[in-house]
Amino acid sequence: MPPGVRVLVTPNLARIVKEMSPRSWRTSPSWFDVDTTGTALRALCTGAPELRPDVVITSRRISKDELRPCDEGGLDGVLEAILGHVAIVVTRAKSGEPMPLSAETLRRAILKRVPAPDDPTRFIPNPYSHWNQIDPSLEARRIEVLGPARDSSEFQVLIAALLEPACAAGPASDRSEHEPACHELRDDGFYTTARFDGTFIRQRLWSDPSVVAVLDYRFYAANSADLLSLLTGAAPTRENIVNGSYPLARTLRLYVTRFRSSHAPPVSQLVHEYLRAQANSRSDVVIAPDGATGSQWPPRPAPLNPVKLN
């Protein structure tokens, strides 16, 4: 890895980003720093130059406010590369009943702390035990959600696709307090972890078709003949994930200022090596930038393009 280059990665992507890096980098104890989304993107072009990250990898797009210092501070704007897409699917066995769930309903079912009913800016311990307590139109059934283990890449997909959008929508002024609350899942038995393998659907979901499972898209797609999709809105298809219409998907993005890319050879080298490794990555949870299956050869690195926001 090129020396002296600082990469900031948001916590929800740390494991996935490392899996997509060149093999020679993976033996390094830490070739990047982890920081929250808002802090990482704001730091790209603000603050003391020696403290700014050279590269930021995140699961949401840079905002106008975050981009403005990069356009006005002599840094000649920002370049962006699309590394791929991740998505989760809310599902249960086809032998169960359809239950339309919104992303917000699912978040309120599994977060450890949720916005107070009388004050959305105040977070309280999750009081919900049954689905109809969150939405009266839903089943009067105990919440039971199975999801990926907290130390897995699949769990990072859940954080990136389900929880991070709500974090990003929070007020920028209190994001340092808001982000920890919207990342922490409950540990009181309503959300439990499961191992998603060949026997999971047959032995767990079909034996109790009322259970809701949160799966990464790649696993769901391989087993969709046996599963219902519960999320309201656009269906969980590869096309909808890539075009942005499926709500529980996120796009992995790499950012670097044009100035650093052009005038700092170690930064340019790192970006080039990482994009080349990303093109060759066989991650189990990342969908290729163009929606391809990964069978195309030779794979092409994602291009770096100037960021233009209307």
Side-chain angles (χ1 to χ4, degrees), residues 1-86 160 251-283 286 288-290 292 294 296-309:
M1 176 178 176
V5 179
R6 185 176 179 224
V7 181
L8 276 188
V9 182
T10 52
N12 52 298
L13 295 184
R15 182 172 179 142
I16 296 172
V17 165
K18 198 158 190 175
E19 287 178 355
M20 298 170 68
S21 67
R23 287 187 179 276
S24 60
W25 296 6
R26 299 179 200 176
T27 57
S28 172
S30 177
W31 58 270
F32 56 79
D33 294 327
V34 175
D35 212 336
T36 62
T37 302
T39 302
L41 287 171
R42 287 196 302 274
L44 188 62
C45 300
T46 58
E50 65 273 13
L51 298 179
R52 296 173 188 169
D54 297 295
V55 176
V56 172
I57 302 177
T58 181
S59 61
R60 75 163 171 85
R61 200 169 198 207
I62 194 170
S63 69
K64 289 182 180 180
D65 288 342
E66 291 159 344
L67 181 63
R68 189 174 296 113
C70 305
D71 289 333
E72 299 174 349
L75 299 175
D76 202 18
V78 170
L79 302 176
E80 174 188 65
I82 305 300
L83 303 177
H85 312 272
V86 294
T251 300
L252 311 186
R253 303 172 187 271
L254 180 148
Y255 290 105
V256 60
T257 64
R258 192 196 298 265
F259 180 87
R260 297 292 287 161
S261 179
S262 301
H263 297 86
V267 175
S268 177
Q269 180 187 347
L270 178 140
V271 171
H272 175 76
E273 290 181 6
Y274 188 81
L275 294 182
R276 186 171 58 188
Q278 162 266 328
N280 286 280
S281 172
R282 294 295 184 267
S283 172
V286 178
D290 58 359
Q296 298 172 342
W297 192 262
R300 291 177 295 177
L304 273 172
N305 295 312
V307 177
K308 300 292 183 183
L309 298 179

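Just so it is clear, the model here is predicted, and its values are computed rather than measured.
- From I16, atom CD1 reaches atom CG of L13 across 6.0 Å, with rounding to the nearest 0.5 Å.
- With rounding to the nearest 0.5 angstrom, the CD1 atom of I57 is 9.0 Å from the OG atom of S21.
- In summary, D71 and R68 do not engage in a salt bridge, as defined by a charged side-chain N under 4.0 Å from a carboxylate O.
- Scanning both residues, G84 and V286, for their nearest heavy atoms gives CA-CG1, 4.0 Å.
- Of the listed residues (D54, T58, L79), just one forms a side-chain contact (heavy atoms from CB on, under 4.5 Å) with Y255, and that residue is T58.
- Nearest heavy atoms, L275 versus A302: CD1-O, 3.4 Å.
- Of all non-hydrogen atoms in A288 and H85, the two that sit nearest each other are O-CD2, 3.6 Å.
- Evaluation of the ring pair (Phe, Tyr, Trp, His ring centres under 6.0 Å) rule for H272 yields no partner, not counting sequence neighbours.
- Nearest heavy-atom pair, P53 versus A40, reported as atom, atom and distance to 0.1 Å: CG-O, 4.2 Å.
- When atom types are taken as modelled, the side chain of E80 and the backbone of V307 share no donor-acceptor pair closer than 3.5 angstrom.
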**OP:** Please step through side-chain contact (heavy atoms from CB on, under 4.5 Å) for the pair L254 and L304, ending with a clear verdict.
**Re:** CA-CA 9 Å; L254 180 148; L304 273 172; 4.2 Å; yes
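- Annotation: side chain of L252 is not in contact with side chain of Q278 (no heavy-atom distance under 4.5 Å).
- In this structure, L44 and L67 have side chains that are not in contact, with every pair of non-hydrogen atoms separated by 4.5 Å or more.
- Just one residue in the list D76, L41, T46, V78 forms a side-chain contact (heavy atoms from CB on, under 4.5 Å) with C70, and that residue is V78.
- Here the straight-line distance linking atom CD1 of I62 with atom CZ of R42 works out to 11.5 Å at 0.5 Å rounding.
- Judged by distance alone, with hydrogens and angles left aside, the side-chain atoms of R6 form a donor-acceptor pair with the main-chain N or O of L51 at under 3.5 Å.
- Residues V7 and Y274 fail the side-chain proximity criterion, which asks for heavy atoms closer than 4.5 Å.
- Between S63 and R60, the shortest heavy-atom contact is N-NH1, 4.2 Å.
- The nearest pair of heavy atoms linking I82 to R253 is CD1-NH1, 3.3 Å.
- With hydrogens and angles disregarded, no donor-acceptor distance shorter than 3.5 Å links the side chain of S261 to the backbone of R258.
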